[in-house]
2 protein chains.
Amino acid sequence: MGTDFNQPLPLPGSYQPASPADSFDVCTGLQTPVDVVMIDIDLLLTWGATYKKLEPGEIIFREGTEGHFYHQVVSGSVHWLNVDDEGSEFLQEIIGPGESFGEFPLFDGQPYAATAVAGKESVVIRLSKHTFLQLLHDNPCIHMSFTRLLTERLRFKFLLLKELSCANPEHRIATLFDHFKKARKNICSKCNRVNITRQQIADMTGLRVETVIRSIRNLQEKGTVVITKGKVYC
Amino acid sequence: MGTDFNQPLPLPGSYQPASPADSFDVCTGLQTPVDVVMIDIDLLLTWGATYKKLEPGEIIFREGTEGHFYHQVVSGSVHWLNVDDEGSEFLQEIIGPGESFGEFPLFDGQPYAATAVAGKESVVIRLSKHTFLQLLHDNPCIHMSFTRLLTERLRFKFLLLKELSCANPEHRIATLFDHFKKARKNICSKCNRVNITRQQIADMTGLRVETVIRSIRNLQEKGTVVITKGKVYC
DNA sequence: GTCATTTTATGCGTGTGATCATAAATAAGA
DNA sequence: TCTTATTTATGATCACACGCATAAAATGAC
């Protein structure tokens, strides 16, 4: 399933060097409108970042391995998930364009806490640990916005943990939808369509597909959401 | 239950000003050995931080209210928890000496994600939002260690979420114990005694007391933990 | 268009943790 | 010491999500 990039250094030809000329012109077609850009792409490139186009399902790094890079999604999406021995998945987060992922190892030296997989055809840019930390050190404002991203994620985890532990399936799903609404992630910007499968909702809430399907139908009957042609609008 | 400190400014006489002379001498008796100090107390004091002695059960701030201060535990402990309408609690974290808490609002402007309550007789130091952000801006190294704390917390939340959603009660509890072992929090430093009640373990894992008690007994039968006089050693 | 694959949908028996009741053991205070 | 409150312990019943089977609907490839 895809190439394994858990090397201290990029494989030859995998991540493209950022020569001033070509830069991202090659993948303009993939670029989607981004409302929140973690770190400016051009800035990353001047600091020597490299990028790579990924096929759907391609693994970027695996849970438990050492991390030496800062990663940021340029276009497409990255699924950040845990897979246990029995094969059951927990989808921690779906990372959209402009967002970073897999930063923990850069700060605490521990291995990756989850596996990162390209959800669709995506472009990911990355920067070596040392360079990234230097960048943060030199740019307090960037560091501040990075801290903000971390706190927002932590806030969401707080909320989800609370719900996961106390609430019934419907509450869990509603909480997830609220998060989507706020983050405007995985939802068409024009409409309110939830753009992920019920299986993925199950993976993010710790429920089973059948339970998710049944709960969403209950939510519809209560008028909380609208279902058209199997798609959920909230 | 305690005084409410959710005011934009400290109540008169509540948080003590940090005059150079007395500073923390008044509460030396409360100070416990700290292995990890988020931000040096003296530095905080030079930046105009104020502190306060809290009785057990005293509320520091409430979930849903606005946050204008950076908080750090000097001595004792602070419980960071969610309480829902039906009164059921979820204990997000137990904050020990040297650790900060309730920082989300400082960065994203949203209300507190959880309520902070003094677990035992404690001393908490706090700094205004503006001053704290300035401090971070001026001290990249402190900002870096702060980021590290955030990532460590986020990592633990990742782990717990994964467990909460997938695993059985015994796994959940074992995960929590692992976290304690790593953080050496809420455990006697000399021995391995788990120093929190089963009710609190239940509050942190989303289980019921009875389930926790039964699960821990199962863990004992398997040799994973040792129980002496009702106390758990792991 | 047809066919294959994925996603959504529904029924039904089972298992497990929640819930309630009750009691023993430990801790805390006078 | 005795008394009270808190924590731990155990049994019995029940609700609810799980897990499996099966099928319909939607999506995608050709």
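So you know, we letter chains A, B, ... as the sequences are listed, proteins then strands, and number each from 1.
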* Structure fact -> salt bridge (Lys or Arg N to Asp or Glu O under 4.0 Å) filter on B:Arg155, not counting sequence neighbours, yields A:Asp108
In whole Å, what is the span from the [atom1] atom of [X] to the [atom2] atom of [N]?
{"X": "B:Ile213", "N": "D:dT10", "atom1": "CD1", "atom2": "P", "value": "9 Å"}
{"X": "A:Arg172", "N": "D:dC16", "atom1": "CZ", "atom2": "P", "value": "14 Å"}
{"X": "B:His171", "N": "C:dG17", "atom1": "NE2", "atom2": "C1'", "value": "17 Å"}
{"X": "A:Gln199", "N": "D:dT27", "atom1": "CD", "atom2": "C1'", "value": "17 Å"}
{"X": "A:Ile216", "N": "C:dT10", "atom1": "CD1", "atom2": "C1'", "value": "15 Å"}
{"X": "A:Asn218", "N": "C:dA9", "atom1": "CG", "atom2": "P", "value": "12 Å"}
{"X": "A:Ile196", "N": "D:dA26", "atom1": "CD1", "atom2": "P", "value": "20 Å"}
{"X": "A:Leu207", "N": "C:dG17", "atom1": "CG", "atom2": "P", "value": "15 Å"}

* Could you check B:Val209 against A:Pro169 and say which one's nearest nucleotide on DNA chain D is further toward the 5' end? => B:Val209
Is [X] close enough to [N] that one of its side-chain N or O atoms is under 4.0 Å from OP1 or OP2 there?
{"X": "A:Arg208", "N": "D:dA17", "result": "no"}
{"X": "B:Arg217", "N": "D:dT8", "result": "no"}
{"X": "A:Arg214", "N": "C:dA9", "result": "no"}
{"X": "A:Thr197", "N": "C:dT7", "result": "no"}

* Using the six-membered ring wherever Trp is involved, compare the ring planes of A:Phe61 and A:His71 and label them parallel, tilted or perpendicular (cut-offs 30° and 60°). => tilted
* Look at the rings of B:Phe158 and A:Phe104 and say which category their plane angle falls in: under 30° parallel, 30 to 60° tilted, over 60° perpendicular. => perpendicular
* To do: In plain terms, say whether B:Glu103 and B:Arg153 are close enough for a salt bridge, that is, a side-chain N and a carboxylate O under 4.0 Å apart.
  => yes
* Nearest to side-chain heavy atoms of A:Arg198, which nucleotide of D:dA9, D:dA17, C:dA9 -> C:dA9
* To do: Would you mind telling me which of C:dT8, D:dG19, C:dC20 lies closest to the side-chain atoms of B:Glu210?
  => C:dC20
* To do: May I ask you to decide if B:Thr205's main-chain N or O and B:Arg172's side chain share a donor-acceptor pair within less than 3.5 Å?
  => yes
